[in-house]
Amino acid sequence: MPNVMTKSLWDSRRSLAGFAVGTALVGAMYAGFYPQVADGAMGQAVEGFSPAMREALNMDDLSSAAGYLGSSVFGIIVPLIAVIYGIATGTRAIAGDEEAGYLDLLLAHPLARTRLLLHRFLTLTVGAFALAGLVWLAMLAIRSGAQLDTVSVAQFTAQCLALALLATFFGTAAITIGAITGSKAAALAGTAVLGVLTYAANTFATQIGADAARYVSPFHYYIGHEPLRNSFQWADLGILTAAIALLVSVAITSFNRRDLTS
């Protein structure tokens, strides 16, 4: 069934459009506040934070466009929504259909499990890149008006590419847990816990003296080397891609070996 991916994309078109447009609008709205932040409007509020908290949230350089975007827009708001999209899509991909009884019907056709899983993975990936692409367009649309010109088009591209891979990573993790367990609840809860723990590891590892913990967090490879300042971080992007490939491999192996629930 060569149209599994296109059918999945069509079925999820409303949710994908909602997530993509919503993420782009929210990101653009918060990015548009930069002129007020640069004028010192948030200075007193930030000064109320402890030095450790300011360092953890990258709030020490809000006066620069890259610093502001890296701490708020691309540091918290946009990745949160993108990760939620990835988890929701990945949870539905295998475990959701299995619990609904749809997976047995689908696999009754001449369709291998591996092919089905790969098509669902590609659906997730296309959606994640579409979401990140719309965020990129939104940032470029407001770039001049919001005084974000110090961040180049290439730097925005690098950050949005990392965003797409981050959403794909968590979506693939949800697919993998669903392929192993066949449980939508397990896929959703497991990936949500993974997101919270890895975000905390990247954000607070330095403050608790566990710097090495950052290197097991996908968030570190997403934004740790500041693509908005330093453009493409190919090693980080490669690590995220390798982690996604490993998860896909585990998902395929587990899915092919497991008896489906009915």
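All residue numbers refer to positions in the sequence shown, counting from 1. Values reported hereafter were calculated over all heavy atoms of this structure, with side chains retained and with hydrogens, waters and symmetry mates removed.
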- State, with a plain yes or no, whether a side-chain heavy atom of Leu188 is found less than 4.5 Å away from one of Lys184. no

- Query: Is the closest side-chain heavy-atom distance between Thr23 and Leu134 below 4.5 Å?
  - Reply: no

- Task: Would you name the heavy atoms of Ala138 and Ala28 that are closest together and state the gap between them?
- Result: CB-CB, 4.2 Å

- Message: So, applying side chain to side chain contact (heavy atoms under 4.5 Å, CB included) with Ile175, which one of Leu117, Val250, Val248 is it?
- Response: Leu117

- Query: Taking the side chain from Tyr222 and the backbone from Phe74, do they hold a donor-acceptor pair closer than 3.5 Å?
  - Reply: yes

- Query: Would you say Thr198's side chain and Ser217's backbone share a donor-acceptor pair under 3.5 angstrom?
  - Reply: no

- Give the cluster check for Ile87 versus Val196: same hydrophobic cluster or not, with ILVMFWY residues linked at side-chain heavy-atom distances below 4.5 Å. no

- Message: Measuring only between side-chain heavy atoms, which start at C-beta, is Val135 closer than 4.5 Å to Phe156?
- Response: no

- side-chain contact (heavy atoms from CB on, under 4.5 Å) between Val26 and Val78: does it pass, once the steps are laid out? CA-CA 8 Å; Val26 170; Val78 166; over 6 Å; no

- Task: Applying side chain to side chain contact (heavy atoms under 4.5 Å, CB included) between Thr168 and each of Leu247, Ile244, Thr89, Thr241, report the one that passes.
- Result: Ile244

- Can you tell if the side chain of Phe232 reaches within under 4.5 Å of the side chain of Leu161, non-hydrogen atoms only? yes

- Which is it for Leu194 and Phe170 under the side-chain contact (heavy atoms from CB on, under 4.5 Å) test, yes or no, and what are the steps along the way? CA-CA 8 Å; Leu194 176 67; Phe170 280 100; 4.1 Å; yes

- Item | Within-4.5 Å side-chain heavy-atom neighbours: Phe169 and Val83 | no

- Co-membership, hydrophobic cluster, residues Ile223 and Val216, 4.5 Å side-chain: no

- Message: Could you check whether any side-chain N or O of Arg120 sits under 3.5 Å from a backbone N or O of Arg92, counting only pairs where one atom can act as donor and the other as acceptor?
- Response: no

- Message: Would you say the rings of Tyr30 and Tyr68 are close, in the sense that their centroids are separated by under 6.0 Å?
- Response: no

- Query: Is any side-chain heavy atom of Ile252 closer than 4.5 Å to a side-chain heavy atom of Leu118?
  - Reply: yes

- Are Val73 and Val153 in one and the same hydrophobic cluster, where Ile, Leu, Val, Met, Phe, Trp and Tyr link if side-chain heavy atoms are under 4.5 Å apart? yes

- Task: Report yes or no: does Ser12 contribute a side-chain atom to a donor-acceptor pair with the main-chain N or O of Ser15 at less than 3.5 Å?
- Result: no

- Between Asn230 (side chain) and His225 (backbone), is there a donor-acceptor pair under 3.5 Å? yes

- Message: For the backbone of Phe121 and the side chain of Thr125, can you confirm whether one donor and one acceptor N or O come within less than 3.5 Å of each other?
- Response: yes

- Query: Do you know which two heavy atoms are closest between Pro35 and Gly32, and how far apart they sit?
  - Reply: CD-O, 3.3 Å

- With a 4.5 Å limit on heavy-atom distance, are the side chains of Ile180 and Arg258 in contact? no

- Task: Report yes or no: does Arg113 contribute a side-chain atom to a donor-acceptor pair with the main-chain N or O of Phe255 at less than 3.5 Å?
- Result: yes

- CD1/Ile142 to CD/Gln147 distance, rounded to the nearest 0.5 angstrom? 11.5 Å

- Task: Would you give the length of the straight line joining atom CD of Glu226 to atom CG of Leu69, rounded to the nearest 0.5 angstrom?
- Result: 11.5 Å

- Item | Under 3.5 Å donor-acceptor, Arg13 side chain and Trp10 backbone | yes

- Message: Would a single hydrophobic cluster contain both Leu122 and Leu165, if residues Ile, Leu, Val, Met, Phe, Trp and Tyr are joined by side-chain heavy-atom contacts under 4.5 Å?
- Response: yes

- Query: Atom OG1 of Thr172 and atom CG of Leu124: how far apart are they, to the nearest 0.5 Å?
  - Reply: 5.0 Å

- Check whether Val193 and Leu80 end up in the same hydrophobic cluster, where Ile, Leu, Val, Met, Phe, Trp and Tyr are linked by side-chain heavy atoms less than 4.5 Å apart. no

- Task: Nearest 0.5 Å please: distance from the OG atom of Ser183 over to the CD1 atom of Ile94.
- Result: 13.5 Å

- Message: Measuring only between side-chain heavy atoms, which start at C-beta, is Trp136 closer than 4.5 Å to Leu163?
- Response: no

- Message: So which atom in Thr123 and which in Tyr85 form the shortest heavy-atom distance, rounded to 0.1 Å?
- Response: O-OH, 4.4 Å

